[in-house]
Asker: 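Please see the structure below; I have some questions.
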Amino acid sequence: MAGSTAVNDIEIAGGAHGCLLLHGFTGTPLEMVPMAEALAADGYTVCAPRLAGHGTSPEDLARTTWEDWVESAAQAFRGLQARCRSVAVAGLSMGGALALYLGATERPSAVIAMATPVRLRPVISRLARAVRPVVPYVPVIARLGPRGPDVLRYRVSYGRIPLRAAQDLARLLDRVREILPRVRAPVLIAQGRRDYAIPTESAEEIYRDVGSEVRRLLWLPRSRHVVTLDADRAHLFAVSRRFLAEHLRP
């Protein structure tokens, strides 16, 4: 996304139970729209906020830190919590890491972490450290995820990545690994089998280290990284709806 017009937060009014949906690194709330609509059909109040530095320009992202992304998510959670009896947090990729962070630091009733890394691939970390002083941005060579006409309208992301932000993403993931044992809410972990953007063993590491007594690992056989838009999304949403019905409306 090269323009300067911001993508707005997405809000769908519903009942007394809320769902906070957090988008991924360099993405926007649009990639959460199909999931938001599926959850709204069950009567949930849904909020998908635009995280700091996202949905505007890569230069804006370069000026933010991982703490800014956490604060964006936390403020949105508290706002939804003030309106709802219970709130779940679901996130995609970096948004999943933020959902786990809120699971450890706030009081969500449930957490859904989708295509969530707990560390960057080593080659990406080395590249960011080595070339950032001389190459502050790198182009996105390929779009990771579905390209069908039914989902392209939701695929709005930056065409280049500030390496400073990539390093802050690594710092966020470092912190999330440390606090996984503090996550006590029920957790659903969803991971695409064809995801080449992150180490897919991240899902197993989250499942192993999270402190929740109730945890479930869902593998999506046809999906790549952007699982909210990919081939298994109907199954993902159905499982998520059952999970939330159990833990938000006991």
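The first residue of the sequence shown is numbered 1, and numbering continues consecutively from there.
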Asker: As an exercise, state the distance from CD1 of Ile206 to CD of Glu201, rounded to the nearest 0.5 Å.
Answerer: 11.0 Å
Asker: Is it the case that the side chain of Asp209 and the backbone of Leu180 share a donor-acceptor pair, with hydrogens and angles ignored and the cut-off at 3.5 Å?
Answerer: no
Asker: How long is the gap from CZ on Arg164 to CG on Leu61, to the nearest 0.5 Å?
Answerer: 9.0 Å
Asker: Taking 4.0 angstrom as the limit, do Arg78 and Glu106 come out as a salt bridge?
Answerer: yes
Asker: Which pair of heavy atoms, one from Ala197 and one from His225, lies closest together, and at what distance?
Answerer: CB-CG, 3.7 Å
Asker: Any donor and acceptor pair, going by atom type alone, linking the side chain of Arg233 with main-chain N or O of Asp230 inside 3.5 Å?
Answerer: yes
Asker: Mark yes or no for whether Asp68, through its side chain, and Ala52, through its backbone, hold a donor-acceptor pair below 3.5 Å.
Answerer: no
Asker: Is there a donor-acceptor pair under 3.5 Å between the side chain of Ser212 and the backbone N or O of Ala185?
Answerer: yes
Asker: State whether the side chain of Thr228 and the backbone N or O of Glu31 hold a donor-acceptor pair below 3.5 Å, judged by distance alone.
Answerer: yes
Asker: Is Leu102 reachable from Val214 through a run of hydrophobic residues whose side-chain heavy atoms are each under 4.5 Å from the next?
Answerer: no
Asker: Is the closest basic N to carboxylate O distance between Arg63 and Asp60 below 4.0 Å?
Answerer: yes
Asker: Check the hydrophobic clustering (I, L, V, M, F, W, Y; side-chain heavy atoms under 4.5 Å; chains of links allowed) and say if Tyr196 and Ile198 are grouped together.
Answerer: no
Asker: Can you name the closest pair of heavy atoms from Phe243 and Val111 and give their distance?
Answerer: CE2-O, 3.7 Å
Asker: Please round to the nearest 0.5 Å and tell me the distance separating atom CG of Leu22 and atom CG of Leu92.
Answerer: 10.0 Å
Asker: Between Gly91 and Ala99, which heavy-atom pair has the shortest distance, and what is it?
Answerer: N-CB, 4.0 Å
Asker: When rounded to the nearest 0.5 angstrom, what distance separates OG in Ser86 from OH in Tyr44?
Answerer: 8.0 Å
Asker: Quick one: are Thr45 and Ile12 in side-chain contact, heavy atoms under 4.5 Å?
Answerer: no
Asker: Kindly work out whether a path of hydrophobic side-chain contacts (I/L/V/M/F/W/Y, heavy atoms less than 4.5 Å apart) joins Val210 to Leu217.
Answerer: yes
Asker: Before giving the answer on side-chain contact (heavy atoms from CB on, under 4.5 Å), spell out for Arg119 and Glu205 the whole-Å C-alpha distance, their side-chain angles and the decisive distance to 0.1 Å.
Answerer: CA-CA 10 Å; Arg119 54 176 51 79; Glu205 187 170 348; 2.6 Å; yes
Asker: Regarding Arg224 and Asp195, does a basic nitrogen lie under 4.0 Å from an acidic carboxylate oxygen?
Answerer: no
Asker: Quick check: do Glu246 and Arg241 have side-chain heavy atoms less than 4.5 Å from each other?
Answerer: no
Asker: Side-chain contact test, heavy atoms from C-beta onward, threshold under 4.5 Å: evaluate it for Ile10 versus Val46 and give yes or no.
Answerer: no
Asker: Calculate, to the nearest 0.5 Å, the distance between atoms CD and OG belonging to Glu67 and Ser72 respectively.
Answerer: 11.5 Å
Asker: What I'd like to find out is whether the side chain of His235 reaches to under 4.5 Å of the side chain of Leu218, using heavy atoms alone.
Answerer: yes
Asker: Quick check: does any side chain N or O of Arg216 sit under 3.5 Å from a backbone N or O of Ile189, one acting as donor and the other as acceptor?
Answerer: no
Asker: Assess the side chains of Thr28 and His23: does a donor N or O sit below 3.5 Å from an acceptor N or O?
Answerer: no
Asker: Could you label the plane-to-plane angle of the His54 and Tyr158 rings as parallel, tilted or perpendicular, counting under 30° as parallel and over 60° as perpendicular?
Answerer: parallel
Asker: Indicate yes or no: at least one non-hydrogen side-chain atom of Leu21 is less than 4.5 angstrom from one of Pro29.
Answerer: no
Asker: Taking atom CZ as the centre, does Arg107 end up with more than 12 heavy-atom neighbours from other residues, nucleotides or ligands that are less than 6.0 angstrom away?
Answerer: no
Asker: Does the Lys NZ or Arg CZ of Arg171 fall within the cation-pi geometry relative to Trp66 - under 6.0 Å from the ring centre and within 45° of the axis?
Answerer: no
Asker: At their closest point, which heavy atom of Ser109 faces which heavy atom of Pro186, and how far apart are they?
Answerer: O-CD, 3.3 Å
Asker: Using every non-hydrogen atom in the two residues, find where Ser240 and Leu188 come nearest and quote the distance to one decimal.
Answerer: OG-CD2, 3.8 Å
Asker: I want to check something: taking the side chain as every heavy atom from C-beta on, are Glu11 and Cys47 in contact at a cut-off of under 4.5 Å?
Answerer: yes
Asker: How close do Ala62 and Pro162 get, heavy atom to heavy atom, and via which atoms?
Answerer: CB-CB, 3.6 Å
Asker: His17 side chain to Leu248 main-chain N or O, any donor-acceptor pair under 3.5 Å?
Answerer: yes
Asker: Are any of the side-chain heavy atoms of Leu51 and Met94 separated by less than 4.5 Å?
Answerer: yes
Asker: Begin with the C-alpha distance, continue with both residues' side-chain angles, and end with the deciding distance and a verdict on side-chain contact (heavy atoms from CB on, under 4.5 Å) for Val187 and Ile112.
Answerer: CA-CA 6 Å; Val187 175; Ile112 301 176; over 6 Å; no
Asker: Looking at Arg50 and Asp9, does any basic side-chain N land under 4.0 Å from a carboxylate oxygen?
Answerer: no
Asker: Any chance you could measure Met114, atom CE, to Ser93, atom OG, to the nearest 0.5 Å?
Answerer: 10.0 Å
Asker: Is the shortest side-chain heavy-atom distance between Val239 and Arg242 below 4.5 Å?
Answerer: yes
Asker: Can you tell me if Arg85 has over 12 outside heavy atoms packed within less than 6.0 Å of its CZ?
Answerer: no
Asker: side-chain contact (heavy atoms from CB on, under 4.5 Å) for Leu220 and Arg193? Distances and angles first, verdict last.
Answerer: CA-CA 6 Å; Leu220 303 170; Arg193 289 283 191 189; over 6 Å; no
Asker: Okay, side chain of Arg160, backbone of Tyr137: is any donor-acceptor separation there less than 3.5 Å?
Answerer: no
